[in-house]
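These notes concern the structure reproduced below.
One is the number of the first residue; the rest follow in order along the sequence. Computation of the quantities below employed the complete heavy-atom set of this structure, encompassing side-chain atoms and omitting hydrogens, waters and symmetry-equivalent molecules.
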Amino acid sequence: MNNKPNIKAIIFDRDGVIINTEGLVASSVTQAFKHFGYTVTKEDLNYIIGRSADKYKDYFLSKHNFDFEEYRKLQKEMFTKDINNIPVFHKTIELIKELYSRNIPIALTTSAGKETTKDILTHIGIYNMFNVIVTKEDCLNHKPDPEPYLLTAKKLNIEPKDCLVLEDSELGVQSAISAGMYCFAIPNEYTQHQNFNIATKILNSGEDVLPNIIIK
């Protein structure tokens with residue numbers, strides 16, 4: 001698409017767009033499975049990026065025999081112990097603050113949990129800047145299903161066609177495009193080899209967003 005999208009709201013994914021959690025997710029998953037005597041492969045890690053634990057549960061249970069609830073408890077403990085030290089994508093944070101200062105509606109749509117999301121965004125200092133926040137508890141179906149983004153548009157009271165989504169994963173892009181929204185992919189080191197062919201545009205960072213859109 002050569003023309004700049006005309007949009008009324010921008011919707012952010014959380015992991016991989018606002019905060020650089022992919023490394024922490026990979027580490028916590030690897031350590032948790034090590035407890036059960038299993039080695040996590042690169043293929044395994046590629047599969048879980050962009051998916052909630054509920055979505056990758058069957059994948060691992062088909063390969064290994066373990067107690068998933070015990071695994072989740074261990075993985076959550078390893079993930080949350082360093083949660084306040086998670087690095088952020090500073091260009092994205094600057095974009096959020098710029099949009100907030102201009103009263104442009106912004107939302108966050110994540111497959112992660114509500115409590116952790118609130119804690120992270122509050123720690124960064126941007127929680128109250130979002131008009132709408134949709135987490136895994138709000139949806140029956142998660143990315144790549146369009147439900148999370150359709151619900152976000154409904155809560156914003158803005159048509160999906162007037163929304164732009166910023167995503168870092170193939171699954172997230174599929175969700176946004178299926179919802180009838182524009183979607184800019186901003187790949188990171190963990191998702192750069194995924195397929196973003198259906199994305200509206202592929203960008204390097206959050207600072208490239210505003211030059212590539214028109215605000216209605």
Side-chain angles (χ1 to χ4, degrees), residues 1 4-19 21-22 49-55 88-89 92-93 95-122 124-188 191 194 196 198-203 206 209-210 212-216:
M1 185 175 294
K4 294 181 179 181
N6 286 265
I7 61 100
K8 293 182 179 178
I10 296 183
I11 306 172
F12 295 80
D13 177 36
R14 193 193 81 173
D15 298 336
V17 174
I18 292 177
I19 53 175
T21 50
E22 311 293 21
I49 296 299
R51 288 183 168 90
S52 66
D54 292 339
K55 293 299 179 184
V88 302
F89 290 97
T92 303
I93 303 301
L95 173 62
I96 291 170
K97 292 179 178 179
E98 172 68 14
L99 295 170
Y100 177 75
S101 71
R102 292 167 56 178
N103 294 314
I104 298 170
I106 56 176
L108 182 139
T109 305
T110 178
S111 298
K114 190 178 298 293
E115 183 178 348
T116 302
T117 296
K118 182 177 181 179
D119 289 344
I120 290 173
L121 299 182
T122 300
I124 298 172
I126 59 174
Y127 177 74
N128 292 323
M129 295 184 181
F130 291 95
N131 299 83
V132 167
I133 294 177
V134 170
T135 63
K136 69 176 182 180
E137 293 89 347
D138 299 312
C139 304
L140 292 176
N141 303 296
H142 301 105
K143 303 173 187 178
D145 192 274
E147 181 184 342
Y149 283 116
L150 290 173
L151 176 60
T152 304
K154 183 178 181 180
K155 287 178 174 288
L156 284 169
N157 196 28
I158 294 176
E159 291 293 322
K161 64 181 178 64
D162 294 321
C163 296
L164 167 68
V165 174
L166 303 182
E167 271 282 359
D168 73 300
S169 72
E170 181 180 349
L171 294 178
V173 171
Q174 290 174 6
S175 177
I177 294 296
S178 296
M181 300 178 175
Y182 295 104
C183 185
F184 287 172
I186 308 178
N188 56 56
T191 62
Q194 294 185 9
F196 297 109
I198 65 172
T200 308
K201 190 167 289 190
I202 301 175
L203 305 179
V209 174
L210 290 179
N212 282 285
I213 61 174
I214 297 172
I215 306 293
K216 289 184 179 180

Exercise. Out of curiosity, I18 CD1 to L121 CG, how far, rounded to the nearest 0.5 Å?
Worked result: 6.0 Å

Problem set entry | Euclidean distance, I93 CD1 relative to I96 CD1, rounded to 0.5 Å | 4.5 Å

For this session: For the residue pair I133 and D138, establish whether any side-chain heavy-atom pair is separated by less than 4.5 Å.
Result: no

Exercise. Would the number of heavy atoms belonging to other residues, nucleotides or ligands and lying under 6.0 Å from NZ of K136 be above 12?
Worked result: yes

Seminar exercise, completed: NZ (K4) and CG (L164) are apart, to the nearest 0.5 Å, by 13.0 Å

For this session: Please answer whether the main-chain N or O of P187 pairs with a side-chain N or O of T191 as donor and acceptor at a distance below 3.5 Å.
Result: no

Seminar exercise, completed: Rounded to the nearest 0.5 Å, the OG1 atom of T110 sits from the NE2 atom of H142 at a distance of 9.5 Å

For this session: Spell out, as yes or no, whether a donor-acceptor pair under 3.5 Å connects the side chain of T122 to the backbone of D119.
Result: no

For this session: Search all heavy atoms of C163 against all heavy atoms of A153 and return the closest pair with its distance.
Result: SG-CB, 4.3 Å

Exercise. Going by heavy atoms in the side chains, are R102 and L210 under 4.5 Å from each other?
Worked result: yes

Exercise. Of the non-hydrogen atoms in Y149 and G172, which two are nearest, and what is the gap between them?
Worked result: CE1-O, 3.9 Å

Exercise. Would you say the side chain of D162 lies within less than 4.5 Å of the side chain of I7, judging by non-hydrogen atoms?
Worked result: no

Exercise. Roughly how far apart are D13 CG and E167 CD, rounded to 0.5 Å?
Worked result: 4.0 Å

Exercise. Are T152 and V165 side-chain neighbours, meaning at least one heavy-atom pair lies under 4.5 Å?
Worked result: no

Exercise. Can you name the nearest heavy-atom pair linking C183 to I177, along with the distance?
Worked result: CB-CD1, 3.9 Å

Exercise. Which heavy atom in F184 sits nearest to a heavy atom in V209, and how many Å separate them?
Worked result: CE1-O, 4.2 Å

For this session: Answer yes or no: is there a side-chain heavy-atom contact under 4.5 Å between K143 and Q174?
Result: no

Seminar exercise, completed: The reported gap from CD1 in I106 to CD in E98 (rounded to nearest 0.5 angstrom) is 11.0 Å

Problem set entry | Matching residue for I11 among L156, L108, N131, V132 - test: side chain to side chain contact (heavy atoms under 4.5 Å, CB included) | L156

Problem set entry | Heavy-atom closest pair, residues G16 and N188 | O-ND2, 3.4 Å

Exercise. Is any side-chain heavy atom of I186 closer than 4.5 Å to a side-chain heavy atom of D168?
Worked result: no

Exercise. Between S178 and S175, is there a donor-acceptor pair closer than 3.5 Å when you use the side chain of the first and the backbone of the second?
Worked result: no

Problem set entry | Minimal non-hydrogen separation, V17 against T92, with atom names | O-OG1, 2.8 Å

Exercise. Is the closest side-chain heavy-atom distance between S169 and Q194 below 4.5 Å?
Worked result: yes

Exercise. Is it the case that more than 12 heavy atoms not belonging to F89 sit under 6.0 Å from its CZ atom?
Worked result: yes

For this session: Can you establish whether the number of heavy atoms outside K114 located under 6.0 Å from its atom NZ is more than 12?
Result: yes

For this session: Kindly indicate, with the supporting measurements, whether the criterion side-chain contact (heavy atoms from CB on, under 4.5 Å) is fulfilled by R14 and I120.
Result: CA-CA 10 Å; R14 193 193 81 173; I120 290 173; 3.7 Å; yes

Exercise. Does any pair with a residue in residues 147-161 pass salt bridge (Lys or Arg N to Asp or Glu O under 4.0 Å), and if so which ones, sequence neighbours excluded?
Worked result: none

For this session: Check whether any side-chain heavy atom of L95 lies under 4.5 Å from a side-chain heavy atom of F12, and answer yes or no.
Result: yes

Exercise. Crowded around E137 CD? As in, over 12 foreign heavy atoms under 6.0 Å?
Worked result: yes

